[in-house]
Each structure stands twice: as C-alpha cells, then as structure tokens.
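Below you'll find the structure, written out as structure tokens, and then a few comments.
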Amino acid sequence: MAVTGRVAGRGFFNRSAVVVAPDLLGCVIEHVTDDGLVAVRLTEVEAYSGDLDPASHAYRGPTPRNAVMFGAPGHLYVYFTYGMHFCANVVCEGVGVASAVLLRAGEVVEGAELATHRRGGALSRELARGPARLTVALGIGRDDNGLDVCNAGSGLRLRRVRATAQRVLAGPRVGVSAGAQTPWRFWLDGEPTVSRYRAHAPKRRAVKPAAR
DNA sequence: CCATAGATGCACT
DNA sequence: GTGCATCTATGGC
C-alpha cells in the first residue's frame, strides 16, 4: 500500500548536509519509471560537505562531474564509481555550496517485485543494502544525475515520515580514506538493512620485483 | 560471521 | 598512471 507523508520541499534540503542527513532517516524516497514505482525507506545515510571535507568529491573545487553538487538544493547527484556502480546523493544548501547526503541503504517498502527483478532476485533485506544496490533497486542511473527531487515531473520524490522511536546512531563514513575520522554516517539502530560497516581498505601496491 | 581478490570505467593528477 | 563514497564470489571459522 502507498506510503503516506508530506513530500519534502526545497527548504528541507536548503540546510547543511550534516543537519539534513539524520532527518532523512525513516523518510521514503520514491522513483517512478515506465516499469513502475519503487519506494525505499532510508535507514543509512552519509553527509559530505565540500569546503572542509577531504572526503567530498567537491573538496578540490568544481569539475564537470561534481557540478550538480554546487547547484541548487534538492537535486540528485549521481556518480559512477569502481567502473560499474552508481551512487546517489541529494544536494543540500544553496547554490555555490557543495554539500550533499549519500543515500547508503534502506528498506524497500513498495514495488518489491520490481526491485527484486532489478536486483537479480536478491533477498528482501539485501535489495537496497548498500549505496550501489539502492540505486539499482530504485532504477537510478547516469541519466538521473541532476534531477529535481522537489519537482513532481522528475519521477523522484521524498516523503517525510514521522520520526520513529528508533535511535539514530552516528559513526565514521564507509570506504573513505581522507576524513575517515569524521562521524558523518548516520543510521537507524537495529535495522537489518544497514550495510555492514567496512573501514577503508588501503590497497597495497603490487610488489615490484626487488631491485638488484 | 570475517577476510580477501577481482571486476571494471573514468575523473583527475 | 592512480585510485576510487562498491559489489560479488569464494573460502575459512
């Protein structure tokens, strides 16, 4: 059955990502495509702030890739990584301030059949457990970069759902090397859909043949 | 549950 | 050329 909750407007996103991030927990993101609708209740997010955040894609200033992060709040920033995955952020704060919240994980609450098909038959709680899995479940890809979550015509919207009694926990972000100490990952306590925490795994360089 | 390796395209140095 | 805001498969406990 349909999820109820007020659709988030521009003002909701026009705040610091660190403030928006915990507010997103429990909220539901919906994406409508020709295939149907999938809705995900967010259980895990991470905040990224361009100015002083070495982990942010915007840390070194504007580039073609991160341009959306510098734009208006409420738009989707989708990036491609590891040669095969897409991850989705919601842009926060005003034009010129590169701040965003990465949608890391959630629970599929509507359109489970479609999401399961997109995910190749994964188990229910694995459907959107992890940022790249979440984009697959929702049908978000390269073409969705820059879409306006606050515009009904975009097919994307965020419903604000009453905060649960669940505790919000915070800790270091996943998979980042620089800025790994900043506790800007937020998740709902006890949720089985929260991705298992993995600290950044430094890759050893291939060992060169010993010099002789 | 934990740890590791490989896949793979591209933005940026 | 280097290094990813990751996932899956595989193996061990």
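Values reported hereafter were calculated over all heavy atoms of this structure, with side chains retained and with hydrogens, waters and symmetry mates removed. All values derive from a computational prediction rather than experimental measurement.
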Are A:Glu110 and A:Leu37 side-chain neighbours, meaning at least one heavy-atom pair lies under 4.5 Å? yes

Let me know the distance between [atom1] of [X] and [atom2] of [N], rounded to the nearest Å.
{"X": "A:Leu123", "N": "C:dT8", "atom1": "CG", "atom2": "P", "result": "11 Å"}
{"X": "A:Asn89", "N": "C:dT6", "atom1": "CG", "atom2": "P", "result": "11 Å"}
{"X": "A:Phe80", "N": "B:dC12", "atom1": "CZ", "atom2": "C1'", "result": "16 Å"}
{"X": "A:Phe86", "N": "B:dT8", "atom1": "CZ", "atom2": "P", "result": "15 Å"}
{"X": "A:Arg60", "N": "B:dT13", "atom1": "CZ", "atom2": "P", "result": "6 Å"}
{"X": "A:Arg65", "N": "B:dG9", "atom1": "CZ", "atom2": "C1'", "result": "12 Å"}
{"X": "A:Arg129", "N": "B:dC1", "atom1": "CZ", "atom2": "C1'", "result": "11 Å"}
{"X": "A:Tyr48", "N": "C:dA5", "atom1": "OH", "atom2": "P", "result": "7 Å"}

Could you tell me whether a side-chain N or O of A:His31 sits under 3.5 Å from a main-chain N or O of A:Val38, the two making a donor and an acceptor? no

Which nucleotide wins on minimum distance to the side chain of [X], given the candidates [options]?
{"X": "A:Ser177", "options": "C:dT6, C:dC4, B:dC10", "result": "C:dC4"}
{"X": "A:Met69", "options": "B:dG9, B:dC2, C:dA5", "result": "C:dA5"}
{"X": "A:Arg133", "options": "B:dA3, C:dT8, C:dT6", "result": "C:dT8"}
{"X": "A:His85", "options": "C:dA5, C:dT6, B:dC10", "result": "C:dT6"}
{"X": "A:Thr63", "options": "B:dA11, C:dT6, B:dA3", "result": "B:dA11"}
{"X": "A:Met84", "options": "B:dT8, C:dC7, B:dC2", "result": "B:dT8"}

Using a heavy-atom cut-off of 4.0 Å across all strands, would you classify A:Arg119 as base, sugar-phosphate, or nothing? sugar-phosphate

Could you tell me whether A:Ala132 contacts a base, only the sugar-phosphate backbone, or nothing, with contacts defined as non-hydrogen atoms closer than 4.0 Å? sugar-phosphate

Check the geometry between A:Tyr82 and B:dG9 and answer yes if their rings are stacked (centres below 5.5 Å, planes below 30°), otherwise no. no

Searching all strands shown, indicate the nucleotide that pairs with B:dC12 (Watson-Crick or G-U wobble; both distances under 3.5 Å). C:dG1

Quick check: are there more than 12 heavy atoms from other residues, nucleotides or ligands sitting under 6.0 Å from CZ of A:Arg10? yes

OP1, OP2 of C:dA5 versus side-chain N and O of A:His57: anything below 4.0 Å? yes

Give a yes or no on whether the ring-centroid distance for A:His57 and A:Tyr79 is below 6.0 angstrom. yes

Do you see a donor-acceptor pair shorter than 3.5 Å between the side chains of A:Thr43 and A:Thr193? yes

